[in-house]
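Okay, structure first, notes after.
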Amino acid sequence: QEQLVESGGGLVQAGGSLRLSCAASDRTFAGYPFGWFRQAPGREREFVAAISSSARVIRYAHSVEGRFTISRDNKEIKAYLQMNSLRPDDTAVYYCAVDATPMSAMASDIQSRYDYWGQGTQVTVSS
């Protein structure tokens, strides 16, 4: 059983919006930080955004700050990534991940901190 499942990807024109969702099957994930990462063709996977378990700490990559918004719903055990003003260079496979470090209050941008990963959802932005 997959523990993290992303949805909401698709094809959108530049300037458009998409909302990605990440659903967790393990209710303990409500107590852990979530992160979003992306990987464009021919490039390494990179950090996009992260949110602490309480949502008090939020971090964004500079390239998406002001355009993307990360949020979470701990009752539904879901994380979201609202993406506005999309650009062709936002085209990538987007992955959500969970940092299962006990008592973690962080919103880390370091991939190696994340223990669980979804399969990814494709986002394609046309010019």
Side-chain angles (χ1 to χ4, degrees):
Q1 180 183 7
E2 295 180 350
Q3 292 177 293
L4 295 172
V5 178
E6 302 95 337
S7 62
L11 174 64
V12 65
Q13 288 188 331
S17 299
L18 283 174
R19 188 192 194 208
L20 305 184
S21 298
C22 174
S25 60
D26 188 336
R27 297 200 65 81
T28 64
F29 287 3
Y32 295 138
F34 275 84
W36 285 96
F37 295 80
R38 67 186 181 186
Q39 187 168 21
R43 302 187 64 176
E44 293 187 354
R45 190 163 58 188
E46 64 177 8
F47 169 75
V48 175
I51 186 168
S52 65
S53 57
S54 66
R56 292 194 182 100
V57 181
I58 289 176
R59 185 192 302 267
Y60 294 101
H62 291 308
S63 60
V64 306
E65 199 155 16
R67 300 187 298 123
F68 290 11
T69 302
I70 189 171
S71 60
R72 63 186 295 156
D73 182 334
N74 285 344
K75 291 183 180 179
E76 298 293 327
I77 324 299
K78 287 185 176 179
Y80 303 97
L81 187 68
Q82 177 67 42
M83 306 186 295
N84 298 329
S85 302
L86 282 161
R87 309 186 303 221
D89 62 359
D90 293 317
T91 295
V93 177
Y94 283 71
Y95 299 90
C96 75
V98 165
D99 170 5
T101 305
M103 306 298 290
S104 174
M106 298 178 63
S108 177
D109 58 353
I110 301 173
Q111 293 188 47
S112 60
R113 284 193 61 93
Y114 289 84
D115 306 282
Y116 299 93
W117 292 81
Q119 293 299 307
T121 185
Q122 175 71 47
V123 171
T124 303
V125 184
S126 64
S127 57

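- Grouping the Ile, Leu, Val, Met, Phe, Trp and Tyr side chains by contacts below 4.5 angstrom, directly or via other members, places Trp36 with Phe68.
- Using a distance-only test at 3.5 Å, with no hydrogens or angles considered, no donor-acceptor pair links the side chain of Asp90 to the main chain of Val125.
- In this structure, Glu6 contributes its side chain and Cys96 its backbone to a donor-acceptor pair below 3.5 Å.
- Grouping the Ile, Leu, Val, Met, Phe, Trp and Tyr side chains by contacts below 4.5 angstrom, directly or via other members, places Met83 apart from Tyr80.
- Salt bridge status for Lys78 with Asp73: absent, with no side-chain N to carboxylate O gap under 4.0 Å.
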Exercise for the section: Evaluate side-chain contact (heavy atoms from CB on, under 4.5 Å) for Thr101 paired with Tyr32, printing each intermediate quantity in order. Expected result: CA-CA 7 Å; Thr101 305; Tyr32 295 138; over 6 Å; no
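- A donor-acceptor pair under 3.5 Å links the side-chain atoms of Arg59 to the main chain of Ala107, judged by distance alone.
- Atom-to-atom distance recorded for Tyr116:OH and Asp26:CG is 7.0 Å, nearest 0.5 angstrom.
- If you look at Trp117 and Phe37, their ring centroids are closer than 6.0 Å.
- For the pair Ser52 and Arg72, the tightest heavy-atom approach, listed with the atom from each and the gap, is O-NH1, 3.0 Å.
- Between Tyr114 and Phe34, the distance separating the two ring centers is not shorter than 6.0 angstrom.
- Considering CD of Gln3 and CD1 of Ile77, their distance stands at 13.0 Å, rounded to 0.5 Å.
- Looking at Arg27, its side chain does come within 3.5 Å of a backbone N or O of Lys75 through a donor-acceptor pair.
- A donor-acceptor pair under 3.5 Å links the side-chain atoms of Tyr60 to the main chain of Ile70, judged by distance alone.
- With rounding to the nearest 0.5 angstrom, the CZ atom of Arg56 is 11.5 Å from the CD1 atom of Ile51.
- Counting only distance, with no hydrogens or angles, the side chain of Arg67 and the backbone of Ser85 share a donor-acceptor pair below 3.5 Å.
- A salt bridge links Asp89 to Arg87: at least one charged side-chain nitrogen sits closer than 4.0 Å to a carboxylate oxygen.
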Exercise for the section: Show your working on side-chain contact (heavy atoms from CB on, under 4.5 Å) between Asp115 and Asp99 and close with a plain yes or no. Expected result: CA-CA 6 Å; Asp115 306 282; Asp99 170 5; 4.0 Å; yes
Problem - Criterion side-chain contact (heavy atoms from CB on, under 4.5 Å) on Val93 and Arg38, from CA distance to verdict - result: CA-CA 5 Å; Val93 177; Arg38 67 186 181 186; over 6 Å; no
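- Using a distance-only test at 3.5 Å, with no hydrogens or angles considered, a donor-acceptor pair links the side chain of Gln111 to the main chain of Arg45.
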Could you give the side-chain donor-acceptor pairs of residues 8-21 under 3.5 Å, partners two or more places apart or in another chain?
{"unit_1": "Ser17", "atom_1": "OG", "unit_2": "Asn84", "atom_2": "OD1", "d": "2.9"}

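- Val5 and Tyr95 fall into different hydrophobic clusters, where Ile, Leu, Val, Met, Phe, Trp and Tyr residues are linked whenever their side-chain heavy atoms come under 4.5 Å apart, directly or through other members.
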Practice task
Please assess Ser53 against Phe29 for the test side-chain contact (heavy atoms from CB on, under 4.5 Å), listing each intermediate value before the final yes or no.
Solution key: CA-CA 8 Å; Ser53 57; Phe29 287 3; over 6 Å; no
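- Atom CD of Gln39 sits about 10.5 Å away from atom CD of Gln122, to the nearest 0.5 Å.
- Val48 and Leu4 fall within a single hydrophobic cluster, where Ile, Leu, Val, Met, Phe, Trp and Tyr are joined by side-chain heavy atoms under 4.5 Å apart, directly or via other members.
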